[in-house]
Amino acid sequence: MTKILVVDDAEFLRVRLTKMLLTDGYEVFQAENGVKAVGTYKEIHPDVVLMDVTMPEMDGLTALKEIVGFDAKARVIMLTALGQESVVLEAVKSGARDFIVKPFEHERVMKAITKLLT
Amino acid sequence: MEITFDISEDELPVFLAEADEHLQVLDDSLIRLEREDADAELVQTVFRSAHTIKGMSGMIGHKRMTALTHALETVLDGVRKNSIQITKPMINICLEAVDHLRLLRDEIITAQTCDLNIDEMVKSLKDFIEGTKHEPSQPVPDNGHEKNTARAVPENGNQSGQNVEPVNSNGSVAGQGSKAVQIQAKIDANGMASAARAFQLMMALQDMGDIQSMSPSQAQIETSSAVSDFSAVVATAQPLEKIRAALMTISGVDEISIDGKVILSNGSIAAEVEPAQQKQSIAPEKKPALPTKLSGLANERRAATPFGRRSADMTIRTNVERIDNLMNLVGEMITDRNHLKQLHSRLKRINGTYDQIFETITHLGRITDQLQEEVMHIRMLPVSSSFGKFPRMVRDMAEKVGKKIDLVIRGEDTEMDRSMLEEINDPLIHLVRNSVDHGIELPEVRLAAGKPERGTLTLTARHEQGRVILTVEDDGGGIDGEKLRKNAIQKGLITAEEAASLTEEQSIDLMFMAGLSTAQKVTDISGRGVGLDIVNTNIQHVNGSIQVETKLGKGTRFQIILPLTLAVVPALLVSICHSTFAIPLVMITETLRLEKNDIVYVNRKPVTRLREKILSLLYLSDIFNLPESRDEKKYTFAVVVQSGKQRIGLIIDSLLGEEDVVVKPLGAFIGDVAGISSAAILGDGQVALIVDVFGLFKLAGI
């Protein structure tokens with residue numbers, strides 16, 4: 001089954017995303033900060049990572065760099081907020097494959113994922 | 001006005017709990033920022049909480065909440081980047097915004113918009129930011145902030161998944177046989193960070209070969225906020241199909257053409273490309289998940305939490321009602337265990353020993369105890385959930401009355417029953433408010449008295465011998481017993497004679513008297529006494545007790561002692577005229593065996609001498625109107641109970657033993673019975689009444 005790793009410090013966001021992704025038939029894993037995300041990535045090799053930017057312990061940008069450093073083919077989609085333009089550019093430079101702006105619709109997430117998986 | 005949000009019932013508790021958590025963090029951290037030097041980590045924490053709330057509220061379509069958190073976040077971002085200084089006005093406006101957010105959070109429950117003018121609040125935050133701008137500082141970097149605030153940004157790029165190879169499987173460099181390919185793209189200008197999309201296009205092309213020319217240039221892309229037209233010439237040996245596939249994985253691009261041939265327009269794939277195998281590729285493939293190496297990773301695996309388990313701290317959220325039901329069942333089980341115990345002892349009398357039954361009972365007993373403990377733990381909450389609001393409260397109140405107060409909280413991890421926590425919430429607020437309002441003196445008064453200018457208010461919680469002990473302590477002016485006595489006489493609550501016979505401690509306890517505390521002017525004399533009788537009543541209501549220690553000029557300490565839970569009470573069973581009563585163990589200090597001539601009468605009231613002190617006695621048979629022939633017995637028993645500093649000996653016929661009794665309310669049709677708080681079903685099926693010790697103190701006029 002396609003494995004998706006959802007990384008966000010807000011439990012509500014994880015719950016919401018997990019719900020969406022389960023409906024789409026994915027296997028979903030969660031992590032609530034960058035450190036855990038990197039650990040989980042190395043362990044389960046998810047097909048796609050949905051990564052929040054602002055998180056405690058380790059932020060999404062650092063986690064992205066670590067993940068891409070570990071696996072150059074990692075498909076990481078950043079979950080960004082308005083006003084994080086500079087972060088987005090840096091994320092893309094660092095190997096993020098897409099970014100989704102919060103608040104997002106189910107369809108936007110689904111498309112971003114299928115796009116990367118094809 | 002009615003308002004609805006995009007949130008389902010099962011998501012609601014998660015949302016609310018999380019929002020509350022972050023609002024609390026905001027409150028606490030802002031107050032800490034005000035007091036301490038700006039600690040980068042703390043600033044980061046505040047910012048993150050605002051940011052998280054913004055993200056969450058956006059997801060459920062709570063636009064006003066999103067707008068307000070965005071404005072708040074912008075202020076905090078300024079603090080983070082040192083363009084805004086931490087000042088009192090800055091903290092005040094942020095705290096005000098947090099208060100507004102609380103009301104906006106409530107809208108999600110009530111589905112009604114609150115009366116607050118959120119736009120106004122947002123505007124004051126923005127004005128505040130504007131106001132700080134001409135101060136010398138680094139500029140706030142994102143100009144795009146404000147204009148984007150309230151609306152969701154449409155994200156285009158809705159081509160469906162296509163059966164193409166992943167872009168990163170390819171790392172070839174242009175070499176022999178390469179040709180120049182002209183790429184043109186239009187990027188959705190409404191999308192956020194369109195420059196980043198251009199950057200993605202550039203990166204994808206770099207993978208394909210050498211970029212010979214590009215407009216805008218890389219430097220321009222990296223510095224501009226929006227890019228709508230992108231064009232490049234790339235020297236590549238890759239087939240066009242591969243280039244096309246690589247470009248198509250990028251979202252937010254409206255139009256792409258390769259060598260003048262449009263492959264994507266208006267965000268949808270151009271006609272010539274058949275989307276035949278879409279379905280197949282969208283459907284997630286079924287690979288066996290991780291067949292190997294799992295066992296070795298068992299420990300790390302905890303980090304990876306499949307849906308259904310919260311990764312944060314492995315806690316569950318559940319309905320309180322469900323836990324209550326569990327607790328009730330445990331209660332029934334305890335009753336059964338007690339019953340079995342009794343049956344066993346009866347059988348033993350008739351038929352010798354029944355070892356196996358005994359073993360089973362012992363085992364059942366252990367299991368029941370463990371189960372009870374586990375369920376109790378589920379019902380427990382750390383006191384921090386109640387203490388958490390005090391930093392903000394004390395700060396606001398101190399500010400209002402012009403005092404300087406440091407709040408110290410200790411033991412906030414101490415856990416206690418959640419219903420108990422609810423019950424003592426108001427009394428705690430009361431005590432804290434009293435300390436701030438009347439206990440701690442004004443800065444000048446303190447200085448004049450040779451004390452530090454800032455007063456200290458200490459809240460503590462701890463477990464001690466199966467009880468929870470909470471204290472509220474201040475280093476204020478203390479309470480004057482003499483003034484209390486005078487006031488009580490004035491109010492006609494006690495006579496001058498009575499007052500004269502009161503010890504200092506007893507005088508202090510006067511402040512818990514109803515008549516004294518409800519009188520408005522009491523605050524003028526000692527500074528204390530507002531509603532303390534209500535505090536006392538509330539605490540007694542949950543089988544707790546309150547004590548006060550005070551030293552004039554030095555300060556006052558209130559100590560609240562509470563049982564761990566209300567559902568099961570460890571009690572001493574006693575017999576009075578062949579009826580069984582239960583006295584909660586928390587209240588008991590000791591039991592005495594009294595000879596007939598140990599009891600003497602003073603003012604026609606029975607008393608005895610206990611370790612050189614006089615102890616008042618109370619015949620429970622009198623209180624409960626039970627027939628008794630007092631004079632026939634050679635000796636009798638007294639159970640010494642304590643409330644605050646008052647003690648009294650309850651005279652009973654015999655002691656039956658200790659038992660954990662399951663508390664059952666008396667029922668509305670019986671109503672309040674003086675001296676009885678509730679009932680319990682004993683092991684043998686008998687009903688025992690649970691003695692209301694506080695009620696007895698009142699009945700005895702002590």
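Chain A is the first sequence line, chain B the second, and so forth, proteins listed ahead of strands; every chain is numbered from 1.
Taking OG of B:Ser8 as the reference point, atom CG of B:Leu12 lies at 8.5 Å (rounded to 0.5 Å).
With a 4.5 Å cut-off on non-hydrogen atoms, B:Ile7 touches chain A through its backbone and its side chain both. Residue contact with chain B, scored on non-hydrogen atoms closer than 4.5 Å, involves the backbone of A:Ala96 exclusively. The parts of B:Asp6 that come within reach of chain A are both its backbone and its side chain, each placing non-hydrogen atoms under 4.5 angstrom from that chain. Looking at B:Met203, the atoms closer than 4.5 Å to chain A (heavy atoms on both sides) all sit in the side chain, from C-beta outward. Both the backbone and the side chain of A:Phe104 have a heavy atom closer than 4.5 Å to some heavy atom of chain B.
For B:Arg197 and A:Phe99, the positive end sits near the middle of the six-membered ring, less than 6.0 Å away and at most 45° from its axis.
Annotation: B:His62 is not in aromatic contact with B:Phe15 [ring centroid separation under 6.0 Å not met].
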Next item on the list: Walk me through it: do A:Met1 and A:Tyr26 pass the test side-chain contact (heavy atoms from CB on, under 4.5 Å)?
Entry: CA-CA 7 Å; A:Met1 218 151 78; A:Tyr26 296 114; over 6 Å; no
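Per-residue counts of heavy-atom pairs under 4.5 Å with chain A were compared for B:Met59, B:Met56, B:Gln200; the largest is that of B:Met59. With respect to chain A, the highest number of heavy-atom pairs below 4.5 Å among B:His51, B:Glu11, B:Lys54 belongs to B:Glu11.
The residues A:Asp98 and A:Arg108 are annotated as salt-bridged, a charged nitrogen and a carboxylate oxygen being separated by less than 4.0 angstrom. Checked for salt-bridge contact, A:Glu105 and A:Lys111 miss the test: no charged N lies under 4.0 Å from a carboxylate O.
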